[in-house]
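From a predicted model like this one, the values you see are computed outputs, not experimental measurements. The figures here come from the full heavy-atom set of this structure, side chains too, leaving out hydrogens, waters and symmetry mates. Letters A, B, ... are given to chains in the order of the sequence lines, protein chains preceding strands, and every chain is numbered from 1.
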Amino acid sequence: MLDLIAQTDPKTLWNGPNNSAYLITMIVIALVVGFGAMFGLMAAPARLRLPIVGVVTFISGFYYVLLWLYPAPIDRSPANAPRGPFEAASFWLADAQPIATTLANTIAGFLLGLGIYSLLRIHLRKIAKQQQDWGYSFVLVLSLIAMTLFGYWDWIIRQSPAGSSLTYAPGPDWRLPQFGRDLLFDGVLQQMDAAMFSLIAFFILSAAYRAFRARSVEATVLLGAALIMILSLLTAVDYGWNMLVERVAGDNPNSLIQNFQLTVMANWVKETLQNSSIRGLDFGVGIGLLAMGLRLWLSLEKIGGEA
Amino acid sequence: MSDTTRSQNLGSKLQSLPRQWLYLILIICAAVPLFFSVAIPDQPDASSIDFFANVMSLKPGDRVLVGTDWTNGTRAESGGEMEALLRILIRKGVKFAVYSTGDPQAPQVFRDTMERVNDEEAKAGSRKYERFNDYVVCGYFPNSEGTNRNINDNVLQAFAGRMDHTEGGPPTDVRQSPVFQGVSSLSDFKMLILVTPSNTDTITLERVKKTKLLFMVTGVMVPTDQTYYASGQLKGLCGGIKGVFDIETLMRTGLAQGQSSKWGAIPGFPDKPNAGRATKYYLALHACLTLLIVAVIVGNVGMVLSKKVAR
């Protein structure tokens, strides 16, 4: 693992020469500081935790607000130096962005660990106490362990020069780790993923049959628009319909009848009705998101207006 | 039995067909057409034509970024889209870097797909693409918003520390790949093509400005992305199985002179195998959507009959 981290250039605070004391020291310091901060936060009194989280949230959000609002450097080359404090701030904001993104990616990675910890805590307890449906919990934990084991086993082998030429489809060089990973990932997980998604077709058909009724004028308009859009997806129908309209219209491309080609009607629905409606919705959602973002950034969501 | 009672019975019967029968008919509609090969005529959408024309405008050695956020849940649509895209990129000799901000499984699903398409293309006479030299996989990034902003502002820093390797070689920083040679900004990539079934479409669109954006999305996402295509923010859009069918048709026939007001004639690949998932699934889609229309009509006829009698 150290080899992989150390290959990243240029060498900065965040990496270092392979197997160097510097790199190992930095990793140890980062771990100590990270765990220290985590345990410190856990040990802090409850009334202090909220302001700490609020301050961290505000600082994190403030950086991205500045990045959005502050003038960004234009056509900057690596040799350029800032010509004053205003430009220096602009450069600093731009340079800090990869670090901020890496930090956010790392924190998101930790969330995965937190999720696994939480999952194991709940389900191992259930298995130990043989609570109701503990068998499902056993299958879950077993699947988690098997997938992790075979996934990493195969991955580690593929990192070596000999392993890097292994194919992802079954081949003569495949051994237990490759067959295990393939069975679990491609054979089980991916197929179950596809099977779950395909169930939607049954729900859609059932729901359309039972609920899609022309009970009012609005519902009838909706039904008509949906019919035009669905028929326009059936290119065999689309093709035949358009041929018929063209035949009725004769050789006149400006005939009013030409507007009744399925493609023309579907495009009219898309460009005139659908696009404008969705833009309206998007504006509304955008304003709502802005308001929600502000409330979260300023921690008003948790502590209300009393802060 | 009187006519009124008969109509009432028929009306209520039509409105309450057993769910199991509907499901059985759906299974038949989805499965049986897969065994038949029927040539279905097609009139490609303007958005698909723009997508095809933009990708076909790439020259050998050009570089593109490919975002892949799909897994096998949407393989009928996204899988077909990715396969069609890879065939064009391989045939055109375009180098590409792949990343995901949508799903941790996506890079592995891409590797599986790439290996299969690469083998098929090699058998069809194309040059076999070399991992790391012709394409490079930069992995998964959990923070989509920050990563996309970073890709736009500093593409090399965005992929710093990510490793991939040649066949038989050690893991190496992806930026040392020939795909990244001469790249200093996102504008050095001719375009960013995103294959996604999730909300990473809007996240990318809101943040990536320095290169052309082309999306390949699922059918349900088309209405949303259509607005961005209509506004010119997207230079091409391939949506759902219809979109892939359009691309596969254009790959076979090419774009004829006068077929589009924006583009001239663009030759396709008539001597290569172009039929992919969409060609295979399109008849099944026809059958399933026809069943949906019939089911809605049956339900409504039942409602009308019941109402008539009630009056």
Side-chain angles (χ1 to χ4, degrees), chain A residues 3-5 7-9 15 67 72 94 97-98 100-101 104-105 108-109 111-112 159-162 164-165 167-169 185-186 189-191 193-194 196-197 201-202 204-206 208-210 212-215 223 227 230-231 233-239 242 263 270-271 274-275 278-279 282, chain B residues 17 19 22-23 26 30 40-43 71-75 105 108-109 111-112 115-116 119 141-143 146-147 149-150 153-154 157-158 160-161 163 165-173 219 223-224 226-227 230 240 242 245 282 285-286 288-293 295-296 298-300 303:
Chain A
D3 289 353
L4 298 187
I5 297 167
Q7 278 190 39
T8 312
D9 282 321
N15 61 3
L67 192 67
Q97 199 200 326
T101 309
N105 277 327
L111 288 178
L112 185 69
Q159 298 312 301
S160 68
S164 63
S165 52
T167 56
Y168 286 105
F185 185 76
D186 292 319
L189 182 66
Q190 292 299 306
Q191 305 313 320
D193 194 2
M196 279 294 289
F197 214 78
F202 294 90
I204 288 176
L205 178 66
S206 183
Y209 167 64
R210 289 181 202 291
F212 219 168
R213 299 275 196 272
R215 286 201 175 92
L223 199 61
L227 192 67
I230 292 173
L231 285 174
L233 288 175
L234 307 176
T235 52
V237 177
D238 189 43
Y239 194 77
N242 292 350
T263 318
K270 271 197 278 192
E271 286 162 17
Q274 178 187 286
N275 283 356
I278 287 180
R279 279 181 191 141
D282 277 351
Chain B
L17 293 175
R19 195 181 296 166
L22 274 179
Y23 291 167
L26 178 61
I40 298 172
D42 187 33
Q43 193 174 349
T71 62
N72 274 347
T74 57
R75 69 179 163 196
Q105 299 174 53
Q108 185 55 44
V109 173
R111 286 187 195 105
D112 292 344
E115 191 175 271
R116 185 165 35 78
D119 286 344
F141 298 82
N143 171 23
T147 302
R149 177 76 204 243
N150 210 7
D153 292 352
N154 196 336
Q157 280 292 332
M163 303 288 164
H165 46 72
T166 55
E167 279 189 23
T172 312
D173 192 319
T224 307
Q226 186 72 31
T227 59
K242 166 75 169 84
F245 189 66
Y282 210 40
L285 182 75
H286 271 68
C288 291
L289 288 180
T290 306
L291 173 65
L292 184 76
I293 293 169
V296 171
V298 167
N300 278 281
M303 182 192 74

If you measure only the distance, is there a donor-acceptor pair under 3.5 Å linking the side chains of Gln105(B) and Gln190(A)? yes
To the nearest 0.5 Å, tell me how far Arg210(A) CZ sits from Arg19(B) CZ. 5.5 Å
Roughly how far apart are Thr101(A) OG1 and Asn143(B) CG, rounded to 0.5 Å? 6.5 Å
If you count heavy-atom pairs within less than 4.5 Å of chain A, which of Tyr23(B), Phe245(B), Phe141(B) leads? Tyr23(B)
Answer whether the closest heavy-atom distance between the side chains of Phe185(A) and Val109(B) falls below 4.5 Å. yes
Interatomic distance, CG@Asn300(B) vs CZ@Phe212(A), rounded to 0.5 Å, equals 9.0 Å
Most heavy-atom pairs under 4.5 Å with chain B, out of Val237(A), Asp238(A), Thr263(A), Asp186(A), belong to Asp186(A)
With chain B as the partner, which of Leu227(A), Leu205(A), Ile278(A) has the greatest number of non-hydrogen pairs under 4.5 Å? Leu205(A)
Residue selection (most heavy-atom pairs with chain B, distance under 4.5 Å) from Ser206(A), Pro161(A), Ser165(A): Pro161(A)
I need the residue from Ala194(A), Ala72(A), Ala100(A) with the largest number of non-hydrogen atom pairs under 4.5 Å to chain B. Ala194(A)
Which one of Gly73(B), Gly146(B), Ala30(B), Gly219(B) has the most heavy-atom pairs closer than 4.5 Å to chain A? Gly73(B)
One option among Ala104(A), Ala162(A), Ala108(A) has the most heavy-atom pairs under 4.5 Å with chain B, and it is Ala104(A)
Nearest 0.5 angstrom please: Gln191(A) CD to Arg75(B) CZ, how far? 4.5 Å
For Thr224(B), is there any backbone N or O sitting under 3.5 Å from a side-chain donor or acceptor partner on Asp282(A)? no
Where does Leu67(A) contact chain B at under 4.5 Å (heavy atoms): side chain, backbone, both or neither? both
For the backbone of Asn275(A) and the side chain of Thr227(B), can you confirm whether one donor and one acceptor N or O come within less than 3.5 Å of each other? no
Under a 4.5 Å heavy-atom cutoff, which of Asn154(B), Val298(B), Leu285(B), Leu291(B) has the most pairs with chain A? Leu291(B)
Name the member of Ile204(A), Leu223(A), Ile230(A) that forms the most heavy-atom pairs with chain B at distances under 4.5 Å. Ile230(A)
Got Phe197(A) and Thr74(B) here, is their nearest side-chain heavy-atom distance under 4.5 Å? yes
Tell me, please, which residues at least two apart from Arg116(B) pass side chain to side chain donor-acceptor pair (under 3.5 Å). Glu83(B)
With sequence neighbours excluded, residues passing side chain to side chain donor-acceptor pair (under 3.5 Å) with Thr71(B): Asp193(A)
Check: Tyr168(A) main-chain N/O paired with Glu115(B) side-chain donor or acceptor under 3.5 Å: yes
